[in-house]
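Structure first, then comments.
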Amino acid sequence: MSQPPVLELVGIEKSFPGVRALRGVELDVRPGEIHCLVGENGAGKSTLIKILAGVHQADAGEVRVLGTPRHFAKPIEAQDAGLSFVFQELNVVEHLTVADNMSLGLEGSRFRWDRAQALRLAVQHLGDLGVDIDPAIPMQRLRPAERQLVMIAKALSTSAKAIIMDEPTAALTETEIERLFEIVRRLRTSGVAVLYVSHRLEEVFALADRITVMRDGQRVATQPVAELDRSKVVALMVGRELENIYEHPVRTRGEEALRLEGVGGAAGRVTSVDLVVHAGEVVGLSGIVGSGRTELARIVFGAEPLEFGRMFLWGQPYHPATPREAIRRGVGLVPEERRTQGIVGVLTVRENISMAAAGRVSRLGLVNRRVDGKLAEEYRERLNIRTPSVEQAIRLLSGGNQQKAVIAKWLATEARVLVLDEPTRGVDVGAKAEIFHLVNQLAAAGNAILMISSELEEIVAFCDRVAVMRDGALVRTLAGAEINRERVMHLATGGE
């Protein structure tokens, strides 16, 4: 007699005010299987995961673990049933240490555990991932990628029957991703069921035994990976054939927009950068985690101190002491951390779009609601932000639509130099295509774009030039035929 699925969902329904998120979803994950779940932002994937985790309650349907119906009223009940989770939006207690965060909720009250043992176990589980992070330091001192690795190590440390991973590689480098893949495959060999959610289709085809595609809250297909290819999966996700998302038109390079000469700062994390970005071009900024890419972006935006070197904006000296000054000079930053730095979740889509454009929507400190609303509607239509209303709380939007709202915020300021730090992180292939199309439009209109991405595929395929950073310094800027994955990775990891 064959074993029952480790995890099974039968007829799952879920609605929120104005939105039917899930429509009779059926899904099962078998012992020793990597089952990948894909779909556009808003397809219902994260809602499904939150029902499994006890964060949301299904309106109808049933969750079964090893054939037994289960109802999880809270996350601890899902954990006790043998389910372990890595969430897309990390929930960490920033002032607590790495070891504290890895231990919280796993073994009874945290006030009874042995601190030395917690530190020892943290070192062991981080070591299994090949990660060298001091477990005694507070989480707030870690970079986003390091936080992601800590929470992955925590999920893998449990003796779970099934592990559910929602975009686990979003902040990781290729080396860290390969290490994670090794562990996921080892879990499969040991009989653990893995439900793996990702927008990165290259990951899906590298790992999956079966693929389930969701669209508009419904399951549209479940097939063995051998019966699918990338174009078929994309067509199932978006309901149509999708053209090349990395469309790279011939761009006309205009005048010099931003110049950096020997720039260093951010408490020593950036040590030597010489870089020029022209109007009408997209310059990629590449490097492994810790190379200084994000810190450089924040220096340009005035969010980190410039300690030495010089910057020029449209030929004029530029030394912003604060982001407010950068905004006034026409510079915008789409930050790496959308949830904590890019949006204010309790505010509406309208308020998020207009918050940086006070000069356009207010007078004498008073917001003109008519102008404010018109501006938000303009960018909602222009960027195809899918929301029932601009008065909807932005936290209720999918990740891709939140990201488009963040970009809209800077367009509303009429910024002409845009720094995009991981602009497609956590967004689906359809939203990614829309974002790249928008960036092409911005470049064609004469804006200067500096784009940071951990996805080499998009850096290589989309950018006019690629600047590679390592250990805080810019080591080489590539152009034309020099730009390829192997060359970029060689330079980023220590090659000459």
Side-chain angles (χ1 to χ4, degrees), residues 88-90 142-148 167 169-174 176 199-200 257-258 260 263 265-266 269-270 273 275 277 281-306 311 320 323 326-327 330-344 352 356 383 399-400 402-411 413 415-427 431-432 435-436 438-439 442-443 447-460 462-463 465-470 472 474 488 492:
Q88 179 179 356
E89 302 289 359
L90 299 181
L142 300 184
R143 292 184 292 270
E146 292 172 324
R147 296 184 188 193
Q148 184 82 29
E167 299 289 348
T169 65
L172 306 186
T173 66
E174 290 203 352
E176 292 160 343
H199 288 124
R200 296 179 174 181
L258 177 68
L260 311 182
V263 164
R269 288 168 290 175
V270 177
V273 174
L275 181 65
V277 185
E281 73 171 341
V282 180
V283 175
L285 193 58
S286 189
I288 64 174
V289 171
S291 63
R293 300 171 307 170
T294 291
E295 289 79 7
L296 180 64
R298 288 172 58 80
I299 288 172
V300 171
F301 190 59
E304 293 278 2
L306 173 67
M311 298 193 292
I327 294 168
V331 177
L333 170 66
V334 174
E336 179 183 24
E337 283 284 281
R338 176 176 62 240
R339 186 178 67 148
T340 57
Q341 299 172 0
I343 65 170
V344 180
N352 273 271
L383 275 65
Q402 288 180 1
Q403 189 73 326
K404 286 188 282 185
V406 175
I407 295 172
K409 174 174 69 177
W410 296 113
L411 298 184
T413 70
R416 292 193 61 206
V417 174
L418 285 169
V419 184
L420 311 179
D421 193 351
E422 304 287 1
T424 64
R425 173 174 291 170
V427 307
K432 184 177 289 191
I435 288 171
F436 283 129
L438 172 63
V439 174
L442 293 171
N447 295 282
I449 312 293
L450 181 61
M451 187 179 91
I452 300 171
S453 177
S454 296
E455 293 196 43
L456 284 183
E457 181 182 9
E458 63 186 39
I459 280 282
V460 168
F462 189 70
C463 296
R465 291 183 292 129
V466 176
V468 184
M469 290 189 68
R470 184 175 71 240
L474 198 154
V488 173

(message) One pair to check against side-chain contact (heavy atoms from CB on, under 4.5 Å): Leu442 and Leu418. What are the steps and the verdict?
(response) CA-CA 9 Å; Leu442 293 171; Leu418 285 169; 3.7 Å; yes
(request) Not counting sequence neighbours, which residues clear ring-ring contact (aromatic ring centres under 6.0 Å, His included) with Phe462? List them please. (result) Phe436
(request) In sequence, state the C-alpha distance, the side-chain angles, and the governing distance for Glu295 and Met469, and then conclude on side-chain contact (heavy atoms from CB on, under 4.5 Å). (result) CA-CA 11 Å; Glu295 289 79 7; Met469 290 189 68; over 6 Å; no
(message) Is there a side-chain contact (heavy atoms from CB on, under 4.5 Å) between Val419 and Val334? Walk through the geometry before answering.
(response) CA-CA 6 Å; Val419 184; Val334 174; over 6 Å; no
(message) Looking at every heavy atom in both Leu474 and Ala467, which two are closest together, and how far apart are they?
(response) CD1-CB, 3.6 Å
(request) Indicate yes or no: at least one non-hydrogen side-chain atom of Leu285 is less than 4.5 angstrom from one of Cys463. (result) no
(request) Verify, without hydrogens or angle tests, whether Glu281 (side chain) and Arg465 (backbone) share a donor-acceptor contact under 3.5 angstrom. (result) no
(message) Could you report the tightest heavy-atom contact between Ala297 and Leu333, atom names first, then the distance?
(response) CB-CD1, 4.1 Å
(request) Taking all heavy atoms of Pro323 and all of Gly302, pick out the closest pair and write down the distance. (result) CD-O, 3.4 Å
(message) Applying side-chain hydrogen bond (donor to acceptor under 3.5 Å, both in side chains), can you list everything that pairs with Ser453, at least two apart in sequence or on another chain?
(response) Glu458
(request) Considering non-hydrogen atoms only, spot the tightest contact between Glu422 and Ser454 and give its length. (result) OE2-OG, 2.5 Å
(message) Can you list everything that forms a salt bridge (Lys or Arg N to Asp or Glu O under 4.0 Å) with Glu146? Sequence neighbours excluded, please.
(response) Arg143
(message) So which atom in Ala326 and which in Phe301 form the shortest heavy-atom distance, rounded to 0.1 Å?
(response) CB-O, 3.3 Å
(message) Side chains of Val468 and Val466, heavy atoms from C-beta outward: is any pair under 4.5 Å?
(response) yes
(message) Quick check for you: to the nearest 0.5 Å, what is the distance between Leu306 atom CG and Ile299 atom CD1?
(response) 6.5 Å
(message) Taking salt bridge (Lys or Arg N to Asp or Glu O under 4.0 Å) as the definition, give me every residue that meets it alongside Glu455, ordered by chain and number, with sequence neighbours left out.
(response) Arg200, Lys432
(message) Going by side-chain hydrogen bond (donor to acceptor under 3.5 Å, both in side chains), name the residues that satisfy it together with Asn352, two or more places apart in sequence or in a different chain.
(response) none
(message) Counting C-beta onward and ignoring hydrogens, is there a side-chain heavy-atom pair between Val417 and Ile449 closer than 4.5 Å?
(response) no
(request) Measure the shortest side-chain to side-chain distance between Val300 and Leu260 over non-hydrogen atoms and say whether it is less than 4.5 angstrom. (result) yes
(message) Please give me the minimum heavy-atom distance between Ala443 and Val282, naming the atom from each residue.
(response) CB-CG2, 4.2 Å
(request) Would you give the length of the straight line joining atom CD of Glu336 to atom OG1 of Thr294, rounded to the nearest 0.5 angstrom? (result) 3.5 Å
(message) So does Ile452 get a backbone contact from the side chain of Arg293, meaning a donor-acceptor N/O pair under 3.5 Å?
(response) no
(request) Please identify each residue that fulfils side chain to side chain contact (heavy atoms under 4.5 Å, CB included) with Arg416, with sequence neighbours left out. (result) Trp314, Asn447
(request) Kindly indicate, with the supporting measurements, whether the criterion side-chain contact (heavy atoms from CB on, under 4.5 Å) is fulfilled by Leu275 and Leu450. (result) CA-CA 10 Å; Leu275 181 65; Leu450 181 61; 4.0 Å; yes
(request) Please examine the side chains of Asp421 and Pro335, heavy atoms only from C-beta on, and report whether any two atoms are closer than 4.5 Å. (result) no
(message) A side-chain contact here means heavy atoms from C-beta on lying under 4.5 Å apart; do Leu456 and Ser286 qualify?
(response) yes
(message) To the nearest 0.5 Å, what is the distance between CD1 on Ile435 and OG1 on Thr424?
(response) 6.5 Å
(message) Given 3.5 Å as the limit, does a donor-acceptor pair link the side chain of Trp410 with the main chain of Ala415, or not?
(response) no
(request) Return yes if some donor-acceptor pair links the side-chain N/O of Glu167 with the main-chain N/O of His199 below 3.5 Å, else return no. (result) yes
(message) Please check this pair: side chain of Gln403 against backbone of Pro423, looking for a donor-acceptor N/O pair closer than 3.5 Å.
(response) yes
